[in-house]
Amino acid sequence: MTKQEAAAALRHYAVLLELVGEDPFRARAFENAARMLETQPENLDVLIAENRLSAVRGIGKGVAAAIRDLNSRGTFAELEEARQGVPSGVIELLRVEGLGPKKARTLWKDAQVTSLAALENAIEAGLIERLPGFGAKTAQKFRVGLAFLKSTSGRHWRHHAVRAAESLRESLKDMAGVREVFFGGSLRRGNETVGDLDVLLIAEEGQANAVRTQVASLSFVRWSEAGHILRGELASGFRVELSVTAPDEAGARKILATGSKEHVRALQEIAAGKGYTLDPQGVGNVLRAGSEEQVYAALGLAYVPPPLREGSNSVFEAGSRTYPEPVRLNQIRGILHCHTTASDGHHSLRELAAAVIERGYEYLGVADHSQSAAYAHGLTPERVRAQWKEIDELNGELTPFRILKGTEVDILPDGRLDFDDELLAGFDFVVASVHSGFNMSEEDATARLCRALENPQVDILGHPTGRLLLERNGYAVNHTKLMDCAARTGKAIELNCSPHRLDLDWHYLALAEAKRVPVPLCPDAHHIEGLWDIRWGVEVAAKGPLTAANCPSTWSADEFVRWCASHA
DNA sequence: GCCGTTTTCGGCCCGACTGTTTTCAGTCG
């Protein structure tokens, strides 16, 4: 078992404890232990073999025993017992925004609501608002939350989809007769969330039927129907659509498997106009080709990079268009915006710097929280100055590597900042973000963000909408006004690379590019593994595309600091 | 359950916000 899997089991147990009304501090102890376990540099086998679990802060005798059981047999006695006591649908209720363990427990015990469907029925029947502590507004809030869940149903975070696809690829690639395992769909197009995994197996000449037979007998997939497409579901919950094709149809089949629906429809119309067919049921002779490039060329069209195949107007005549090169991972020179143990991060400055140096980066931009972010142990001005001293000492030791002094300063409800200008002037760079007061109108939110950008000390706007993918929408923002404001004040807007955020939304990258608003790729890392989240940002940025020139993460430390000073 | 310690049990991140209730509980970041 991996650390992450064990941590997930501990968290699951903590949730169950809360639902059965156990001591909330006991539940929190398991949550803390899960978090601490995840941030250990060693893997679980090593920690257990060397008997070092209990040495981890937050893991005592009891949790250590649970972890050892998890590793050896996949569960522990208390977890199994707690599972028996809570209907699985009750845990689902917690996914509704504003519905926590206490309300879930009331719904379960007082109204026999044990599933999302039952919750919906209870709301519509007017039963919810009669429960103690519930009212009409609570019911309405749950109604909205349920609608959001429905709209995201069957979709997954990109990082989970990539992990599931990589594992599926391992199972398929060595199968007899398989030439290539190809993943299409929103995974290939670089989207921030992914629904089904669209798999295309390109078989060796004459092997398609044999491959299909082998695939259909795979034991780890539950196939639901036959036909020319195999539909199945992985244990991880991912739905898979898999088809097998001969090499001479691979080009067209890859295009069909990649989508988007609108892009494919536009291609099909052009193909039909020329008397060709480009259809899952059959590919016209002219479009029989091994590569996608050949198919676009046969249709008289420019080749469209997969991340740009969105919308019906993403098809262009051959020679009519060149695409800007998107920023690549190996062009990133510095990591901006991450948190240390001084606020809510899990690693020290020194540990983060060592990890970033090991990966070959030139600088690390630390940006801990500011004082009003009490939940995150935000820094007071005194603690900021102490951190600056520590950075100066480390920089003396680590040169030519450089740690940049930054902050993620809270934007207060009225758009002012959580530190005064004098302190802000002492940082190399300032990220300003909203962490509270999410219930604003679009007008108020836009004005709040613009006021923050107008402060000369601010360099970068952090996660501009506050959205959490598949969890909440964030506040509404007028992106055109915001982008105009950033352009006028000479500021940047981050693309937060956390796979749960990916905020700025890629739809606005072209606007940023057009208005010359720089977009740094910021991991917003709270532990070392999170530093590499920058990968998801790079993949999504290809959809703009965001160019290297417009991405401060590709600049040298000197260039970046000079740019920050230029508008102060 | 874990931690720290005045070594045996009390405290555990903490403040804003919301909705319900009429003084506070629950959720969230």
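In this text the structure is predicted, and so the values were computed from the model without any measurement. Letters A, B, ... are given to chains in the order of the sequence lines, protein chains preceding strands, and every chain is numbered from 1.
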*asked:* Walk along nucleotides 1-10 of chain B from 5' to 3' and tag each nucleotide B, S or - by protein heavy-atom contact under 4.0 Å, base first, then sugar-phosphate.
replied: BSSS------
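- In the displayed structure, Glu81(A) atom CD is contacted under 6.0 Å by at most 12 heavy atoms of other residues, nucleotides or ligands.
- Whole-Å rounding puts the Gln371(A) CD to dG15(B) C1' distance at 14 Å.
- Taking syn as a glycosidic angle within 90° of 0, dT8(B) qualifies as syn.
- Look at CZ on Arg35(A): it is 12 Å from C1' on dC12(B), rounded to the nearest Å.
- Here dC13(B) presents its C1' atom at 13 Å from NE2 of His346(A), a figure rounded to the nearest Å.
- Counting only residues at least two apart or in different chains, salt bridge (Lys or Arg N to Asp or Glu O under 4.0 Å) contacts with residues 428-449 of chain A are absent.
- Once rounded to the nearest 0.5 Å, the distance linking CZ of Arg163(A) with CD of Gln4(A) reads 7.0 Å.
- Using a 4.0 Å heavy-atom criterion, one finds that His435(A) contacts the sugar-phosphate atoms exclusively.
- The nearest whole Å value for the distance from the CD1 atom in Ile128(A) to the P atom in dT20(B) is 12 Å.
- Separating the CG atom of Leu468(A) from the C1' atom of dT27(B) is a distance of 14 Å, rounded to the nearest angstrom.
- Taking the charged nitrogens against the carboxylate oxygens, Glu454(A) and Lys491(A) have no contact shorter than 4.0 Å, which rules out a salt bridge.
- Asp344(A) has its CG atom 14 Å from the P atom of dC14(B), to the nearest Å.
- dG26(B) is paired with dC17(B) under the Watson-Crick or G-U wobble criterion, all donor-acceptor distances under 3.5 Å.
- Side chains of His337(A) and Glu408(A): a donor-acceptor N/O pair is present below 3.5 angstrom, by distance only.
- Between His526(A) atom NE2 and dC13(B) atom P the separation is 17 Å, expressed in whole Å.
- Comparing dT20(B) with dC13(B), their C1' atoms are spaced 26 Å from each other, to the whole Å.
- Nucleotides dT23(B) and dC17(B), compared at atom P, are 23 Å apart to the nearest Å.
- Ring-plane geometry between Trp555(A) and Phe560(A) is classed as tilted, the angle between the planes lying from 30 to 60 degrees on a 0 to 90 degree scale.
- Atom P of nucleotide dC14(B) and atom CG of Leu379(A) are separated by 16 Å, given to the nearest angstrom.
- Applying a 4.0 Å cut-off to non-hydrogen atoms, the residues of residues 96-104 of chain A that approach DNA chain B are Glu97(A), Gly98(A), Leu99(A), Gly100(A), Pro101(A), Lys102(A), Lys103(A), listed by residue number.
- With both ends at atom P, the span from dA16(B) to dT22(B) equals 24 Å, rounded to whole Å.
- Residue Arg105(A) places none of its side-chain N or O atoms closer than 4.0 Å to OP1 or OP2 of dG26(B).
- One C1' atom belongs to dT21(B), the other to dG26(B), and the distance between them is 14 Å to the nearest Å.
- Comparing dG11(B) with dT5(B), their P atoms are spaced 16 Å from each other, to the whole Å.
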Within the sub-3.5 Å range, which N or O atoms of nucleotides 16-19 of chain B have a protein N or O partner, and how far apart are they?
from, atom 1, to, atom 2, distance (Å)
dG19(B), O3', Thr138(A), OG1, 3.3

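- Of all non-hydrogen atoms in Pro523(A) and Ile335(A), the two that sit nearest each other are CG-CG2, 3.5 Å.
- Inspection of the Asn191(A) and Ser186(A) side chains reveals no N or O donor paired with an N or O acceptor under 3.5 Å.
- Residue Leu423(A) holds its CG atom at 11.0 Å from CG of Leu417(A), rounded to the nearest 0.5 Å.
- Note on residues 10-23 of chain A: pairs passing salt bridge (Lys or Arg N to Asp or Glu O under 4.0 Å), not counting sequence neighbours, are Arg11(A)-Glu38(A), Glu22(A)-Arg26(A).
- Under the 3.5 Å distance criterion, with hydrogens and angles disregarded, a donor-acceptor pair is assigned to the side chains of Asp459(A) and His567(A).
- Screening residues 95-105 of chain A for side chain to side chain donor-acceptor pair (under 3.5 Å), with sequence neighbours left out, gives Glu92(A)-Arg95(A).
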